[in-house]
*Asks:* 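Quick one: the structure is below, and I'll ask about it shortly.
In this chain, residues are counted from 1 in sequence order. The shown structure was predicted, so the numbers you read here are calculated from the model rather than taken from an experiment.
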Amino acid sequence: MNRTGGEAAATMLVIAGRSIDIDTAVAKAHGYPAVTVARYDLPGPGPAAVITADEIARTHKVRSRISHAQRDWFIRTAVDAPWAAVPIEAQLVDADPNISGELYDRAEALYEHFRTAAPRQVGVAKISKVLHLKRPGLFPILDSKVMAFYRHHARAAATRYPALRTW
């Protein structure tokens with residue numbers, strides 16, 4: 001019952017325009033593999049300006065399928081990445097694409113450092129899974145499922161910021 005005497009409405013979350021009731025969301029969260037949280041998320045970002053072999057191994061908990069050769073590429077490429085321009089505690093909500101030269105542009109430069117030099121078979125998903133470890137509040141994991149889920153909204157956003165569209 002709600003305050004007016006009628007039936008209480010289910011609490012709903014809206015994510016990318018899709019609704020999910022709170023009980024289903026909680027059940028999904030409880031069903032998430034604990035080993036993923038314990039081994040991928042909880043160890044934290046590690047050293048600020050390097051990528052380690054252990055960190056690459058952690059990405060396998062979110063099915064990155066990063067090979068040994070790709071691991072070595074990430075480690076080498078991280079050496080001269082613009083890490084210092086993007087604080088560990090940076091948050092995506094603070095990255096405004098309308099403010100030139102600020103966090104959004106610096107985060108994009110860090111992402112592009114890896115994307116433009118990436119060998120075959122290293123794409124958005126692998127890069128985002130590694131960068132999420134290093135700057136968890138700023139870089140979301142963008143695999144094919146997430147990209148498909150947000151595709152409509154991403155296209156709409158791209159029309160608002162055509163100068164930032166890189167795909």
*Asks:* Minimum heavy-atom separation for D105 and I99, please, with both atom names.
*Replies:* OD2-O, 4.1 Å

*Asks:* Using atom types as modelled and distance alone, determine if a side-chain donor or acceptor of T24 lies under 3.5 Å from a backbone N or O of I20.
*Replies:* no

*Asks:* Can you pull out every salt bridge (charged side-chain N to carboxylate O under 4.0 Å, His left out) where at least one residue sits in residues 50-75? Sequence neighbours excluded, please.
*Replies:* E55-K134

*Asks:* What is the minimum heavy-atom distance between Y40 and V62, and which atoms define it?
*Replies:* CE1-CG2, 3.7 Å

*Asks:* Shortest non-hydrogen contact from D80 to T77?
*Replies:* OD1-O, 3.2 Å

*Asks:* Show the atom names and distances, to 0.1 Å, of all donor-acceptor pairs under 3.5 Å that link a side chain in residues 136-145 to residues at least two apart or in another chain.
*Replies:*
unit_1, atom_1, unit_2, atom_2, d
D143, OD1, K145, N, 3.2
D143, OD1, V146, N, 3.0

*Asks:* What closest approach, in Å, do S19 and M12 show between heavy atoms, and which atom pair accounts for it?
*Replies:* CB-CE, 3.6 Å

*Asks:* Tell me which pairs pass ring-ring contact (aromatic ring centres under 6.0 Å, His included) where either residue lies in residues 43-63, with sequence neighbours left out.
*Replies:* none

*Asks:* Please indicate whether R39 has more than 12 foreign heavy atoms, meaning atoms of other residues, nucleotides or ligands, lying under 6.0 Å from its CZ.
*Replies:* no

*Asks:* Please determine whether the number of non-hydrogen atoms from other residues, nucleotides or ligands lying under 6.0 Å from atom NE2 of H153 exceeds 12.
*Replies:* yes

*Asks:* Quick check: does any side chain N or O of Q121 sit under 3.5 Å from a backbone N or O of P119, one acting as donor and the other as acceptor?
*Replies:* no

*Asks:* Take V124 and Y111 through the test side-chain contact (heavy atoms from CB on, under 4.5 Å) and record every step on the way to the result.
*Replies:* CA-CA 9 Å; V124 171; Y111 173 79; 3.4 Å; yes

*Asks:* Taking all heavy atoms of I127 and all of V122, pick out the closest pair and write down the distance.
*Replies:* CG1-CG1, 3.9 Å

*Asks:* In terms of ring plane angle, is the pair W73 and F114 parallel, tilted or perpendicular, where the classes change at 30° and 60°?
*Replies:* perpendicular

*Asks:* Between D96 and Y104, does the side-chain contact (heavy atoms from CB on, under 4.5 Å) criterion hold? Intermediate values first, please.
*Replies:* CA-CA 6 Å; D96 187 338; Y104 184 94; 5.8 Å; no

*Asks:* Give me the atom names and distance for the closest heavy-atom approach of W83 to R135.
*Replies:* O-NH2, 3.2 Å

